[in-house]
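Reviewing the structure listed below.
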Amino acid sequence: MKLKFFLSLAVLGLGLLQPAVAAPALIPKPQVLEEKEGTFTWNPGAGIEAPPEAAAQAGLLRECFGPLAGSDLRGGPIALRRDDGLAEEEYDVAITPQGIVLTAAGPVGWAHGIATLRQLAPPERLGTPTDATPVVLPCLHLHDAPRFAWRGLMLDVTVRFSTKEEVEKFIDLLSLYKMNVFHWHLTDDPGWRLEIKKYPKLTELGAWRMEKGERYGGFYTQDDARAVVAYAAARGVTVVPEIDMPSHAEAIVASYPEYSTKGGEPRTMVGQDRTDVLSPAKEETYAFIDDVLGEVADIFPSTYLHIGGDELDLKYWNDSAECQAFMKSHHLANAEGLRNYFMRRVQKIVEAKGRKMAAWQEALYGGPLPGVLIMGWRYYGGVGLDDAQTNPVVETPQNPLYFDFPYTQNTVEKVYQYHPLTNDPLTKNLTSTQVKNVLGIQANMWSWIAHSTPELQGYIFPRLCSLAEVAWIDPQAADLPDFLERAKTALKQMEALGVACDKLGVEQILDPEAARKKEAGDGSIPPPGRK
């Protein structure tokens, strides 16, 4: 399968010319947008009025607008004001000829307001934050709040390692379009990517493998991870870490085989093919998990810690005499019962750290796990009705929310037309309890298919704009032609930021009829799973 990517939209006829004050073209579309007469000229050094708790967002204004945002926090034409009567993500933007007022209940709402200002500015300014030229903004009043509390993107950094700076750029783009969850898939068979001080072999050995005859890998120090968390928090984004278990644990068993079903000696290099999984029959395994998740919880303040739980081949446990003896002594009927035992033990470890557990849908295959956040991915509609009756869920079905699928399969339009609880055949008739339990939606980007940063960006962009809008707006407000028109401005923004977009994805925005008529390439859909 071959996809072409581009770095310049000018060759497609977009050009860079733009009027001094463009009509608002915001993604996601706000609930209330009232255009007013006049403009506000944002001159360099404009002072900022902000309460102490908005210091990070005042810094974000300076980072995004450079010399336009002054260092004086005692007052000026830019104001961040607090209204405790608003919901956490609700925000208000008022632009008058005299200045800008961003009102919110706290940092997340202010971050959404700053994202709105970034989108209102001329797109080319996004790529030149050090420019001191005044910016002219249209006068308007905007009030907005999201539909779903969870609007996420998962990035796998185990197959293809992304640097700290690359990760931060992805988070900045999520924030620009008001996505609020960055699900960081940090461990898997191809590599372990987070420093754990008590278990140094995880990064000394588990972070590296041979690829095309060369040593490949990398990891984030704990200081790196904390910096990413702070960077995301200033932008209203929560980082949810994933430490995959008991399967997808090749990097663990290569480094510390004593926690696997087969044992053996540590290896010098991780392999991408699975040879073993964690053993649920050893108390040492749970002590290891407790230690690791303790360090993870110290780094990541997120409500949820994701423990994976997917694609477990039970043969490893069925073939283990130790696991068979454990099942017998604990009166477990089969390996599925052992799966549920393992998941419950891990859930207790997570909850003992004051957090909640998240997992992929296979975690429920062995039995109920009350209170665990479940992510459904295996079929259209993701998690079924019964799961949403007892568990909070996030919908992340392969069709259309796997972004490692080609644009011929999961198109910009198909992503835009996905509306859980409305047109999803598995969730449109939910009870009131089930509706409450659907926290939101998320796209997943497995990096096995991307071989460079531009290629990885291309799989995500521009269809992330579709996801951002459908995760935010009420389905009755969805308007595909209107969205595609606004998305043309988003393409210019991504060009200014140096983001590589998929060529077919761009055509699906600029000329959707022509894109529909194109041949579907190889038309293949990656098989269920990650590879």
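Keep in mind that the numbers below use all heavy atoms, side chains included, and drop hydrogens, waters and symmetry copies. Numbering of residues begins at 1 and proceeds along the displayed sequence.
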Self-check item: Minimum heavy-atom distance between Pro44 and Pro134, given as atom pair plus value
Solution: CD-CG, 4.1 Å

Supply the atom-to-atom distance [X] [atom1] to [Y] [atom2], rounded to the nearest 0.5 angstrom.
X	Y	atom1	atom2	result
Leu140	Phe40	CG	CZ	12.0 Å
Leu153	Ile441	CG	CD1	11.5 Å
Leu173	Gln457	CG	CD	7.5 Å
Leu155	Leu456	CG	CG	5.5 Å
Gln434	Asn437	CD	CG	8.0 Å
Ser466	Gln508	OG	CD	8.5 Å

State plainly whether the residues [X] and [Y] are in salt-bridge range, i.e. N to O under 4.0 Å.
X	Y	result
Asp144	Lys178	no
Arg226	Asp298	no
Arg81	Glu49	yes
Lys353	Glu295	no
Lys198	Asp291	yes

Exercise. Check whether any side-chain N or O of Trp42 sits under 3.5 Å from a backbone N or O of Leu68 as a donor-acceptor pair, and report yes or no.
Key: yes

Just say parallel, tilted or perpendicular for the rings of [X] and [Y], cut-offs at 30° and 60°.
X	Y	value
His306	Trp360	tilted
Trp184	Tyr220	tilted
His143	His141	tilted

Between [Y] and [X], is there a side-chain donor-acceptor contact under 3.5 Å, judged purely by atom types and distance?
X	Y	value
Glu195	Thr221	no
Asn444	Gln442	yes
Asp404	Trp448	yes

Quiz item: Does Glu37 CD have over 12 foreign heavy atoms under 6.0 Å away?
Solution: no

Quiz item: Take atom NZ in Lys356; do more than 12 heavy atoms of anything else shown fall under 6.0 Å from it?
Solution: no

Quiz item: When the ring centroid of Phe461 is compared with that of Phe403, is the distance short of 6.0 Å?
Solution: no

Exercise. Identify whether NZ of Lys or CZ of Arg in Arg463 sits under 6.0 Å from the centre of the six-membered ring of Tyr407 and within 45° of that ring's axis.
Key: yes

